[in-house]
Amino acid sequence: MAAIQALRGTRDILPAEIRYWQQVEAVARDILGKATYQEIRTPTFEPTALFERGIGEATDVVGKEMYTFKDRGDRSLTLRPEGTAGVVRSFIEHGLGTQGGVQRLWYCGPMFRYERPQAGRQRQFHQIGVEVLGSPSARADAEAIAIATDILKTLGLKTLELNLNSIGDASDRDRFRAALIDYLTPFKDKLDADSQDRLTRNPLRILDSKDEGTQKILDQAPSILDHLSPESQARFEQVQSLLSALNIPYTLNPRLVRGLDYYTHTVFELQSQDLGAQATVCAGGRYDGLVQELGGAATPAVGWAIGMERLVILLQQLQSLPEPAIDFYMVSKGEPAEAQALVLAQTLRQAGFTVELDMSGSAFGKQFKRADRSHAAACLILGDTEAETQTVQLKWLDTGDQTAIAQADLLTMSDALQTRLNSRTREA
RNA sequence: GCGAGCGUAGCCAAGUGGUUAAGGCAGUGGAUUGUGGUUCCGCCAUUCGUGGGUUCGAGUCCCAUCGUUCGCCCCA
C-alpha cells in the first residue's frame with residue numbers, strides 16, 4: 001500500500017531544523033518583550049468576509065490564493081492568508097483601543113495561501129509579525145522598522161537591504177494613479193501582458209513588474225514621491241530622519257508598492273540577495289484605514305511580518321547550530337541495574353541535568369560506543385555489581401577517569417558535578 | 001494558473017536499451033561475552049516516485065500522474 005505523504009506545499013520541520021526556529025523565536029521574544037510588545041494569538045481560520053474586506057477583494061491573495069470552504073453549519077471560512085486582519089478583528093472585538101494609548105502586539109503562527117510551491121514559498125508558511133495600533137506618529141513606523149532590523153541583525157544577518165517608500169494616503173494615490181495612467185497609456189502596446197491587464201485594474205502594481213521592457217518605460221514615469229501632499233511628504237521625511245538617527249541605512253525605492261490594499265504612507269521590505277526570487281524576508285507598512293474599514297473606530301496603525309521559512313533558510317546558510325548537549329549517558333545491563341538506572345536518570349533530570357538513558361539492552365561495549373557518539377560529558381554505568389552494592393560508576397568521557405559512587409551520594413555531589421560539567425563547556 | 005529542469009536506500013550518488021543496480025556517509029552485527037573514540041570483517045534497494053506503453057529485453061525510450069527545483073505570477 002502506498003504511504004501517505006505530506007500535502008503539496010506543506011512540510012515537516014524535523015528536529016535538526018527546529019533548533020533554528022527556536023532560536024528565531026527566542027531572539028524575537030526577547031527583543032519584542034524589551035520593547036513592551038505583547039503576544040497575541042488569534043484563530044487560524046476566520047470568516048471569509050474578514051479577509052475580503054481587510055485585504056481587498058481585487059487583490060490576488062483574496063482572488064485566487066485563499067483556502068476558503070464551507071463548514072458544517074454552512075458558514076464560509078478561510079484559513080488566514082496573513083496575520084494582520086485577524087489581529088485587527090480581535091483588537092476591535094475586545095475593545096483593546098478603548099483603554100487609550102498604543103497597543104503593541106506581536107504574533108507568530110502558520111498562514112495559508114494556495115500558491116505554486118517554490119523554495120521559500122509554501123502553502124502553509126509561518127510568520128512572526130507585529131502590529132502597533134493607535135499611534136499616527138512617524139516614531140511608530142521607525143520603532144517598528146528598528147525592531148525588525150534588530151531581530152534580524154541579532155540573528156546574524158548583516159547584509160539585508162531595507163527598501164523604503166511612501167504611497168501616501170488615499171487622495172495622494174488617486175492623483176498619482178491618474179498621472180501614471182496618463183503616462184503609461186500611450187505605451188500600452190509595449191507593456192508586458194500582465195501590466196497591460198493591470199493598467200485599468202491596479203496600475204500601481206505595474207511599478208514592480210520584473211519585465212525589462214516595462215521597467216525601461218517606467219524609467220521616465222512619474223514618481224509617487226512627487227504626488228504626495230505636503231503633509232504626507234513631511235511625514236515621510238520624518239520617518240527617514242528618524243531612521244537616520246537610529247543608524248538604519250535604507251534605500252528609497254519609489255517603485256515599491258504592496259499587494260495588499262490596506263497599506264498607506266510608509267511601506268518597506270527587507271530583502272536578501274541569497275534567497276533567489278523570494279527575496280523578501282520581512283515586509284510591512286502603515287495601514288491607517290484598516291481598523292475603520294473593519295468596523296472599528298478610526299485608528300492609525302503600522303506593522304510588519306517576517307517570513308519564517310525564508311529566515312531559517314538564511315540562518316542555515318550562515319551557521320550550523322550544535323546539537324543540544326547531554327550531561328550524562330546512562331549505561332546499564334541486567335534487570336535490577338536497568339531498573340535502578342531508570343530511577344537514577346529521573347532523579348538527575350529532576351535535579352536539572354540532561355540525561356540520556358540507553359534502553360537497548362545491548363552489550364556494554366555497544367552502549368559505550370553510543371555514549372561516545374552522543375557527545376555526553378560522562379557515562380553513568382550500572383551493572384550487576386553496582387546494582388548489588390547500590391553504587392554507580394561515573395566515567396568522564398574526555399579523560400577516561402572513572403570512580404565508583406554510592407547512588408545515594410550522587411545528588412549531594414551535584415554541585416561538584418555541575419562544576420565539572422561547566423569547566424568542560426568552557427574548554428569546548 | 002503558465003514555462004523549464006529533476007525524481008536510484010535515511011543522506012550523497014554511479015548508471016548513456018543487454019540480463020547479479022557501483023561507491024561513500026549513516027545504521028546495524030561481530031572481532032572486543034562489564035568499558036568508548038582507531039582498525040578489520042559481515043549485513044543493509046527482488047528494485048530505480050507511481051501507473052500504463054514501446055521492446056526479445058527498460059533505472060535508461062514514450063505517455064500520464066504525483067512530488068520537487070528554478071523562473072513567471074504572487075508575496076513573508
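Treat the numbers as computed from the prediction; the structure is a model and nothing was measured. Residue numbers start from 1 in every chain, and the chains themselves are labelled A, B, ... in the order their sequence lines are given, proteins ahead of strands.
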Taking pairing as Watson-Crick or G-U wobble with both contacts under 3.5 Å, can you name the mate of B/rC48, or confirm there isn't one?
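With both distances under 3.5 Å required, B/rC48 matches none.
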Could you run through nucleotides 29-34 of chain B and give me one letter per nucleotide, 5' to 3': B if any protein heavy atom sits under 4.0 Å from the base, S if only the sugar-phosphate is that close, - if neither?
SBB--B
Please determine if a side-chain N or O atom of [X] lies less than 4.0 Å away from the OP1 or OP2 oxygen of [N].
X        : N      : answer
A/Arg373 : B/rU28 : yes
A/Arg310 : B/rA76 : no
A/Gln118 : B/rG71 : yes
A/Arg116 : B/rC75 : no
A/Lys395 : B/rU35 : no

[N] [atom2] sits how many Å from [X] [atom1], rounded?
X        : N      : atom1 : atom2 : result
A/Arg8   : B/rG1  : CZ    : C1'   : 11 Å
A/Gln278 : B/rC70 : CD    : P     : 9 Å
A/Trp304 : B/rC75 : CH2   : P     : 20 Å
A/Arg123 : B/rG67 : CZ    : C1'   : 11 Å
A/Phe268 : B/rA76 : CZ    : P     : 11 Å
A/Gln215 : B/rC72 : CD    : P     : 12 Å

Looking for any heavy atom pair under 4.0 Å, which part of the strands does [X] touch: base, sugar-phosphate only, or nothing?
X        : answer
A/Val61  : sugar-phosphate
A/Ala371 : nothing
A/Gly9   : sugar-phosphate
A/Arg258 : sugar-phosphate
A/Gly129 : nothing
A/Glu65  : sugar-phosphate

Return whichever of A/Leu275 or A/Asp208 has its heavy-atom-nearest nucleotide of RNA chain B closer to the 5' end.
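Closest to the 5' end, via its nearest nucleotide, is A/Leu275.
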On RNA chain B, compare the nucleotides closest to A/Ser209 and A/Gly284; which residue's is nearer the 5' end?
A/Ser209
Measure from the side-chain heavy atoms of A/Lys64 and tell me the nearest of B/rC73, B/rC72, B/rU35.
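Taking heavy atoms from C-beta onward, the closest nucleotide is B/rC73.
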Do the ring planes of A/Tyr114 and A/Tyr67 sit parallel (below 30°), tilted (30 to 60°) or perpendicular (above 60°)?
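The rings of A/Tyr114 and A/Tyr67 stand perpendicular, inter-plane angle above 60°.
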Is any N or O donor-acceptor pair between the side chain of A/Arg205 and the base of B/rC73 shorter than 3.5 Å?
no
